[in-house]
Amino acid sequence: MAVTTMIGAKIHRREDPRLVSGEGRYVDDFTRPGTVFLSVVRSPFAHALVKSIDITQATKAPGVVAVYTYKDFAKVLSGTMPVTPSFVAEKKQIPPRFPIAEKEVVYQGEPVAVVLAETKYQASDASNLIDVEYEQLPAVMDLDKALEAKSPKVHSDGPDNLGWDLTYIPDDPAVMKEAEVVIKARILQQRLAPTSMETRGVLAEYSKPDGTMTVWMSSQSPHFVRLFLGGAMGIPENRLRVISPDVGGGFGAKISPYSEDWLVPAAAKLSGRPVKWIESRTESLLTTTHGRGQVFEVEAGAKKDGTLVFIKATQYLDIGAYMGTFAAFQACACLLAGGAYNWKHVAARTVGVLTNKVPTDPYRGAGRPEATHLCERAIDLLAGELKMDPAELRRKNFITTFPHTNHFGLVFDSGAYEKAMDMAMGIAGYEKLRKEQEEGRKKGKYLGIGMSSWIEICGFGPSAATAPATGGIALVESAQVRVFPTGSVAVYVGTHSHGQGHDTTFPQIVADTLGVPYDSIELRHGDTAEGPAFGYGTYGSRSLAVGGMAVHKASKKVVDKARKIAAHLFEAAEEDVAFDQGHFYVKGSPDKRKAFGEVAFASYGAGLPEGMEQGLEAVAYYDPSNFVWPFGTHIAVVEVDTQTGHVDLKRYIAVDDCGNIINPMIVDGQIHGGVAQGISQALYEEIIYDDESGQMRTGTFTDYLVPSANEFPVFELGRTITPSPTNELGVKGIGEAGTIASSIAIINAVCDALSPFGIKHVDMPASPDRIWKLIHDAQAGSNHGKEARK
Amino acid sequence: MIPAAFEYARASSVEEASKLLKKYGEDAKVLAGGHSLIPLMRLRLAQPKALVDINGIKDLDHIKESGSKLHVGALARHVMIQNSAVVKQNLPILAEVAGEVGDNQVRNMGTIGGVMAHADAAGDYPTIALMLDAEIVTNQRTIAAKDFFKDIFTTPLAPDEIVIEVVFPVANGPHKYIKFRRRLFDWAIVGAAAQKMNGGWRIGLTNVGPTPVRATAVEKALHDGAKPEEAAQHASDGLNPSGDLRASPEYKKHLARVLTKRAIEQAE
Ligand SMILES: Cc1cc2nc3c(=O)[nH]c(=O)nc-3n(C[C@H](O)[C@H](O)[C@H](O)COP(=O)(O)OP(=O)(O)OC[C@H]3O[C@@H](n4cnc5c(N)ncnc54)[C@H](O)[C@@H]3O)c2cc1C
């Protein structure tokens, strides 16, 4: 592509008019004749034995078609729910998980029975009539206690509660001794609920005569669901069609398959009726996988001159009662513990702990927000001890040469960390802010300035690294480009767009590569019956860097064939034919040219080159040579009302670098959403369980606090562009960046604001009651505090 | 939303509504804006056998001043109260409070009668009603605010009793309501109201107990000449709030003092 006209263009998302005017079609918008509705009877307890299930009353209730329990599903489903190795190849145990409980329930919300009825109201009413006799068992809720030898067990027949314990790099005491200043921190990453606007949902229809199953569901990775579900039900992939239509948000929680993804198709097969289940909001908070849920013990050391020496992170990861399919993905936090800096030594260990809670799994950022948080907090704590400006400590230690191989063997492809930080500081007016802060403190006004220089591994990923991590399937990406006789183009991709704007950006790439009008290109995704044999889905900020490249590659294959045809038509040698902005011509005579569309038409005619088949279409699988490594610096400015503990977020500056840009507006949109989500972790969201009973206390949006646009200032965005050398488009991912960077920018700012009180640590969410208590305790406990109060 | 089954009837007059309520008995509920009742039904925490919809009753959303009293009809929506020139002129604090209830959707639907009858501890109007000695007029009687809020979600209303209007004294002197919350559309964690009236101060608190609280100790201290800061220290006198996910009892008491001080100082 010598010239680009669409790549880099700031055009509106073409999917938006449809989506924002209510014309989108989500799972619940689909229906099949004779559909029955499924309601799930769930365990009210975190841990109990199921003594008996009496379905008599429910079976007799109006409209009820069937009631199924474990023994019914065991007839049509086999095996256990999948768990991939991810970043921990060897687990101590993987508790076997069948989609519905048989004898023991291990988290609140675990399915125990399902009711099928003619209406959803009847299904729900009847589900209340099922009488389950439970014998409650002690619930394991706390990570520390779970690891004690005398702890009750999450699964009564399990060996203990340890899921894994892996030291990636052990301590190097000799190096660690070189540090002249050492800090320690214990950082809590609270459990978060992914809360997409559209909850989960499944509609399944089984055709007995031909043995085909069609499943409509809200998924980020329909092909993986087909792979796994086909295995569980014994249906080959050519008879199992999974359709993930418009999806109202995924955030990582719609990658892995769920119990209901098995139970609904199984119920369709058992009952012979199409079956629909739509998750309620409370079910979603209770049973959709949670994100984060980790505790880090962090230690870091530096020389007095600010040279970083070591950082050591121990991750305790709350797995929940079963392992999510990608439970150990979040262990990647360990591999990125060193962040954007040169350390002499990085030590890391991950410990996976089972608890009687819903499983954790990836959630926007998945391991990388946690890594950024621990590293950027350590940097600020060290800066505090060294009495250095945190920006200067960063500047002194940034990695500056690329490619850079980190302590874990990961290769950072490109970066310019200082440049991004300087731009962010420029937008913020950093020096001036520091002065304002100093002046303010004299008047009892507590400003805080927090910085986060983030890096990210994304674009999963090269086959050599990802096939072992999934247990076999390499996370490459596929695309098919089909050019029809009259020149319009359909592109089928294995990624899935649910907010990322692929309908816009992928055609932008195709438009430039083929040189055809953007409007002549249609993008299709989400239906396993269309396009290439396998697709890999959208997560881990991979769609552009891997899927976009597959689209580019398939487009180029099409151009290659078209060039052969054009050469034949020109009676010229192939290498003498130039292709520029949609036109072929023989080099030297550009006025005698043939449009791409003319060649497309010719490709379906007679007189093609010797041995060439008709048609103009191509499939490509793209296997990247490396991950891609976006980066940037964010700065948050807060003011803390020390009397109430309220944090007022005054400004938020984000400078991000994701390499070359296909559509700046979409990049900005991704950053906005991501930043809001990270801020939300820092200030609002938290899943809370009762420590004793294991009951969730945040089962509605009244208690689980998701902020609205009211709670945010206008974000101030900046951008540097450092192309990725990893792929031809020079692109990196941007879907998770905002979330990865922002929670710690806020926490560093809050800690900075509270530093006159001697407060060095604030747990998330930094809620007013929590902050008030910290200030209150600090004032009660120190003279320093008294001074600050004046 | 999948509530339990219920019957539904729409009344076109107070008499008809009352008759319907009598007919369905104990388990019937009035449906006004639905913004407290329906969330409870969604979770099946409320499973009324029947709903008597009063939204079709004409003239129950009046807002008028007469005889130095402000009459606000039970069906007056928050948005109407917020924007009403009559309220702004005669009891501006009520318009301000209305503008701080929930979000746009809640303000477009929720009614003052519903807030009173529901008697949520975090309801905002009850604080104003209590501290100003408002009266709740029903189809059967008139109840003083101090006798109305018995306990959390508990009022003396009989099953077939319908709130017709709330009658406030006119008060347009310095006033302020400070509602402390996490998000703009949240309920109050704690709220504090200050209203200058007849030469003295009225001070009310939201969500520091099962019912709204009138901070008489603060009122008295101010009357005796204490500075706002000193007087506000009495805001937590006698309070025994229960803790919840957002605030410990101790923190609520602290907020009561801080917010009371600010409300008095910022009253204008
Ligand atoms: C997201 C959200 C945020 C909110 N935030 C706030 C807030 O910050 N502050 C606040 O004060 N409120 C808040 N609310 C509640 C809101 O103000 C409700 O509208 C109000 O509590 C109930 O009024 P309603 O008209 O909706 O009553 P409904 O929900 O229809 O009824 C509530 C109860 O009152 C009874 N009832 C209603 N009208 C009458 C009547 N005329 N006579 C007798 N009984 C009657 C009903 O039977 C029912 O028991 C919030 C609600 C939501 C959903």
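Keep in mind that what you see is a predicted model, and the values were worked out from it rather than measured. Below, read A as the first sequence line, B as the second, and so on, with proteins coming before strands; counting in each chain starts at 1.
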Exercise. Given a strict heavy-atom distance threshold of 4.5 Å, which part of A:Leu683 is in contact with chain B: side chain, backbone, both, or neither?
Worked result: backbone
For this session: Name the region of A:Phe712, side chain, backbone, both or neither, that has any atom closer than 4.5 Å to a heavy atom of chain B.
Result: neither
Exercise. Within a radius of less than 6.0 Å around CD of B:Glu229, do more than 12 heavy atoms belonging to other residues, nucleotides or ligands occur?
Worked result: no
Problem set entry | Inter-chain contacts: residues 92-102 of chain B against chain A, heavy atoms under 4.5 Å | none
Problem set entry | chain B contact via A:Thr282 - which portion, at a heavy-atom distance below 4.5 Å | side chain
Exercise. Just wondering, are more than 12 heavy atoms of other shown residues or ligands nearer than 6.0 Å to CE in A:Met197?
Worked result: no
Seminar exercise, completed: Whatever's closer than 4.5 Å to a heavy atom in chain A on B:Leu245 counts as both
Exercise. Counting a contact as any heavy-atom pair under 4.5 Å apart, which residues of residues 260-268 of chain B contact chain A?
Worked result: B:Lys261, B:Arg262
Exercise. What residue in B:Arg42, B:Arg44, B:Arg257, B:Lys252 has the most heavy-atom pairs under 4.5 Å with chain A?
Worked result: B:Arg44
Problem set entry | Sorted by number, residues from residues 639-650 of chain A in contact with chain B (heavy atoms, under 4.5 Å) | A:Asp641, A:Gln643, A:Thr644, A:His646
For this session: May I ask you to test the A:Arg770-B:Tyr251 pair for a side-chain heavy-atom distance under 4.5 Å?
Result: no
Seminar exercise, completed: Minimal heavy-atom distance between A:Ser124 and B:Ile2, with the atoms involved, is CB-CG2, 3.5 Å
Seminar exercise, completed: Counting heavy-atom pairs under 4.5 Å with chain B, the top scorer among A:Val706, A:Leu705, A:Asp125 is A:Leu705
Problem set entry | Under 4.5 Å from any heavy atom of chain B - which part of A:Ser39 | neither
Exercise. Which bit of A:Phe37 comes within less than 4.5 Å of chain B, counting heavy atoms only: side chain, backbone, both or neither?
Worked result: neither
Exercise. Once you round to the nearest 0.5 Å, how far does CH2 of A:Trp772 lie from CD of B:Glu250?
Worked result: 4.0 Å
Exercise. Quick one: which residues of residues 180-193 of chain B reach chain A at under 4.5 angstrom, heavy atoms only?
Worked result: B:Phe180, B:Arg182, B:Arg183, B:Leu184, B:Phe185
